Amino acid sequence: MIIVLKDNPEIDKINALRDWLRSMDLEIHYSQGSSTTLMGLLGDTSGLDIDIIRSLPFVKKAIRIQEPYKLSHIGFKKEKTVVDVGGVKIGDGITKIIAGPCSVESNEQLIAIAESIKTSGGDVVRGGAYKPRTSPYTFQGTREEGMMILQKMKEQCKMPVVTEIMDIAHLEQFEHIDMIQVGARNMQNYELLRALGRQNKPVLLKRGFASTLEELLLSAEYILKEGNPNVILCERGIRTAANQGTITLDLSAVPRLKQMTHLPVIVDPSHGTGDSKIVTSMTLAAVACGADGVMVEVHNNPSMALCDGPQAIDLEEFEQLVKKIKQLRDIISV
Ligand code: PEP
Ligand code: MN
């Protein structure tokens, strides 16, 4: 249930309401907008008489939320969430560009790619040090060394950085990272999500290959419920009957999620297609359908990439892509 308070309510009356609700084992989350205060009630509200709440003089309205996701629900906040990733605001209405290699391979590789991304107009650099690979026999990432390379790149190129976590035991290594990614394979690793909810860095939560949008939001809920409000959702393609078993980028997820949640939504057209030849088209389509950001794999030599080379665009293609994104941003208002 959501209780929307009238402007400038008397604090002692609100506190009395809060204490009464807590006595019924309900958890209360406050959301303070520029003019309105919302009280979001978590727990079993079935025994609560909504008409009593509505009759209180300082209550503007009370609404029952039927959906199982609550804190991420669009009605739970007056304003859309904007997440600050090292100074880059994701969710502010202007599509942001996250780009970088699938994996951090070496210092030279990452710096060359990051410098070029910065010059081309990218906003945030991505790069995996810990890689969730489907086969244990393929390249597993540069791990601790990769984390150090990311830190060096950040200092040298002055770009915010996002990288994936696979084990909460590695959290200390993320001190200099601006946003922590939870990959598709870990979307339902609830203990990991809970632990990330207890720290305050932004979390980029990717949709599982076979997860519904409701399941994605319930996963986000694990992070929000622990107190971290900075969650960004990412559509990265799902398994469907189309395309002979490869991944289908579900762009309809973007406008659908925007009707369901106040959280920012970005799109990863690289994992979502697996094919560098269609990454540009699908990135532009993501911008056109209202994504708050795009995350694209870029490599200085895709044919030699240690991971996901076939879906990586090169530095020149990225430069062209940014130009097109900017043109598109100018003609559509999302
Ligand atoms: C990645 O972004 O590097 C990645 C592994 O993505 P996903 O979890 O979507 O497969
Ligand atoms: Mn990849």
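Remember, it's 1-based here, ligands and their atoms both numbered in the order they're listed. The model shown is predicted, which means the values in this text are computed figures rather than measured ones.
Under the 4.5 Å side-chain criterion, counting only non-hydrogen atoms from C-beta, L41 is in contact with L48.
Between D84 and K89 there is a salt bridge, with a side-chain nitrogen of the basic residue lying less than 4.0 Å from a carboxylate oxygen of the acidic one. Salt-bridge check for D292 with K258: passed, with a basic side-chain N closer than 4.0 Å to an acidic carboxylate O. Classification of K206 and D268 as a salt-bridged pair holds, one side-chain N sitting under 4.0 Å from a carboxylate O. Salt bridge R194/E191: present, at least one basic N to carboxylate O contact under 4.0 Å.
If you count the protein N, O or S atoms nearer to the Mn ion (ligand 2) than 2.8 Å, you get 4.
In this structure, K131 has no salt bridge (Lys or Arg N to Asp or Glu O under 4.0 Å) partners at least two apart in sequence or on a different chain.
Annotation: atom 8 (O) of ligand 1 to nearest protein heavy atom, A184 N, 2.7 Å.
With ligand atoms numbered from 1 in the order given, ligand 1 contributes 8 (O) to contacts under 4.0 Å with heavy atoms of G183. Close contacts between ligand 1 and R236 involve ligand atoms 7 (P), 9 (O), 10 (O) [criterion: under 4.0 Å to a heavy atom]. Residue Q181 approaches ligand 1 through these ligand atoms, each under 4.0 Å from one of its heavy atoms: 1 (C), 2 (O), 4 (C).
For ligand 1, none of its N or O atoms has an N or O atom of E164 under 3.5 Å away.
Here K61 contributes atom NZ and I53 contributes atom CD1; the two are 15.5 Å apart, rounded to the nearest 0.5 Å.
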Exercise. Start with the C-alpha gap between F76 and H262, add the side-chain angles, then the distance that decides, and say whether ring-ring contact (aromatic ring centres under 6.0 Å, His included) holds.
Key: CA-CA 8 Å; F76 237 67; H262 53 80; 8.0 Å; no
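A donor-acceptor contact closer than 3.5 angstrom links the side chains of T45 and R64.
Counting only non-hydrogen atoms, the option in M295, K206, K131, R133 that gets closest to atom 7 (P) of ligand 1 is K206.
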